K.L.:
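I'd like to ask you about the structure that follows.
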Number of protein chains: 2
Amino acid sequence: MHESAASPQTEARTEAAQRVLEASKILFAERGYDGVSIRDIAEKAKVSKANVFHHFGSKANLYAAILEQVAEQLGTKLDVLRDSSCSVQERVARFAELDLQDQLEDPHCVYLFLRQLMAPNNTEQRRKAEQVIRDSLRSLLQLLEQLQEQGELPADTDPLALTLAIAGGNFMYFQLQGILAEFQRDGRPVDPSTFSRSLMHLITPAVNNGPTPPTTRG
Amino acid sequence: MHESAASPQTEARTEAAQRVLEASKILFAERGYDGVSIRDIAEKAKVSKANVFHHFGSKANLYAAILEQVAEQLGTKLDVLRDSSCSVQERVARFAELDLQDQLEDPHCVYLFLRQLMAPNNTEQRRKAEQVIRDSLRSLLQLLEQLQEQGELPADTDPLALTLAIAGGNFMYFQLQGILAEFQRDGRPVDPSTFSRSLMHLITPAVNNGPTPPTTRG
DNA sequence: TTTCCGACTGATCGACCGGTCAGGTTGGAA
DNA sequence: TTCCAACCTGACCGGTCGATCAGTCGGAAA
């Protein structure tokens, strides 16, 4: 048999096994667990079907390995929130912008996470997804509460609603990126960092650097 | 053969066929197209497997029928935006609240729509989903622009970002409803209409229906 | 050399998939 | 009463699914 999927191994993986992981990630993200067969994965990874089972034991195990990889990747986002030595405002703005960038850079990750979140309640899959998003949102929420205590955020605004608006706005941009252009008067695509700034600005003008108009700044 | 799936028939459907539709909607929403077999549907609908094919021709046809039903249901939301005779502010607020209510009342609809949106780009499925969301967002966006012309919305806020923040915030609430309670200091679940009001308030205090004085806006 | 072990493969399994088919049943028009 | 069309079913089909297995191969250990 093989090592339990719970072990945090990113270590010695055969080149073939690595190809299987990469192919799986893409295919599972695009078509979902049931929409992908081991044959599809093996073919894309240029590996025999039996070899997939040799390395990962079962389809469920392989999927679990992918999800673990995704959760790990998404978890690292938090570091920016804690470690940064700049002001709270900047940290919030950076978080929002980085969150959007991460989504745009690795869409497969987002789709995998979203599918995990769509699993029925009280399943291990769903709980794990909730854990990831809980950690992320809680950190952002705490930052916003901190901001409110500093008086940089109006006292009557709800930090929780603000948190969801930021995260949700980013997600919406990510999902609808392709059709946002036609909402613009000039018909040009919306630049992600510009959007990020607009989002921060409209939600809490106090966070933005005061009188500067929301035009492109270097 | 059967009627083309494109026909807008909500008409004479056998009781059995109706049961199949309902069962399909739930199962497809929960597990996705590939995660559900005709056997599963037939069993849940208490109908023979062959009868499913008799009424809907193929699995793909059945799924298309479900999606059409979903699109129709989601499209009706727009009426509230247009017909209402109340002020623009109220219409925006009502739209946000109604949007959230709709999601909470029929989660299966949301999941089906989300799965449709996760289909690869340039597929008919994906395009149809984009069409629905485009219509909805455009209406909301126009309302907000109208609001901005009236001076009820700061001139330097981006209506598009605001639109996505509202829609995204609602979606986030819907998805994370179960874990939001522990973000509250009192640990109690967040009431949807309360959340809706908070969301509207923080995004643009002027829109808030309450007799809030012209905010400090600083 | 011989032994041994992990990487890897082609052939194959039973189960289940979407879909078909022949035929039974029923209700209303002719 | 006859007839026909629609509703509905159990049995069945070819194909694909996840998974297994016997066995090949190459390199490190003995």
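Each chain gets a letter, A, B and so on, in the order its sequence line appears, and its residues count up from 1. Model, not experiment: these values are computed from the prediction. Note that these values count all heavy atoms, side chains included, but never hydrogens, waters or copies made by symmetry.
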K.L.:
What is the distance from atom CG of B:Leu164 to atom CZ of A:Phe171, rounded to the nearest 0.5 Å?
P.N.:
11.5 Å
K.L.:
May I ask you to check whether B:Gln103 and B:Asn170 show a side-chain donor-acceptor distance below 3.5 Å?
P.N.:
no
K.L.:
What one-letter contact string describes nucleotides 14-21 of chain D from 5' to 3', where B marks a base within less than 4.0 Å of any protein heavy atom, S marks contact via sugar-phosphate atoms alone, and - marks no contact?
P.N.:
---BBBBB
K.L.:
Is it the case that the side chain of A:Asp40 and the backbone of A:Ser37 share a donor-acceptor pair, with hydrogens and angles ignored and the cut-off at 3.5 Å?
P.N.:
yes
K.L.:
Give each protein N/O atom lying under 3.5 Å from an N/O atom of nucleotides 3-7 of chain D, with the pair distance.
P.N.:
residue : atom : partner : partner atom : Å
D:dC7   : OP2  : B:His54 : NE2          : 3.0

K.L.:
Measure the acute angle between the ring planes of A:Tyr33 and A:Tyr63, then classify it against the limits of 30° and 60° as parallel, tilted or perpendicular.
P.N.:
perpendicular
K.L.:
If you draw a 6.0 Å radius around CG in A:Asn122, do more than 12 non-hydrogen atoms from other residues or ligands fall strictly inside?
P.N.:
no
K.L.:
Anything under 30° is parallel, anything over 60° is perpendicular, the rest tilted; go ahead and classify A:Phe195 against A:Tyr173.
P.N.:
parallel
K.L.:
Expressed as a whole number of angstroms, how long is the span from B:Arg19:CZ to D:dC8:P?
P.N.:
8 Å
K.L.:
Please say whether more than 12 non-hydrogen atoms of neighbouring residues, nucleotides or ligands are located less than 6.0 Å from CG in A:Asn121.
P.N.:
yes
K.L.:
Less than 4.0 Å between a side-chain N and a carboxylate O, is that true for B:Arg39 and B:Glu43?
P.N.:
no
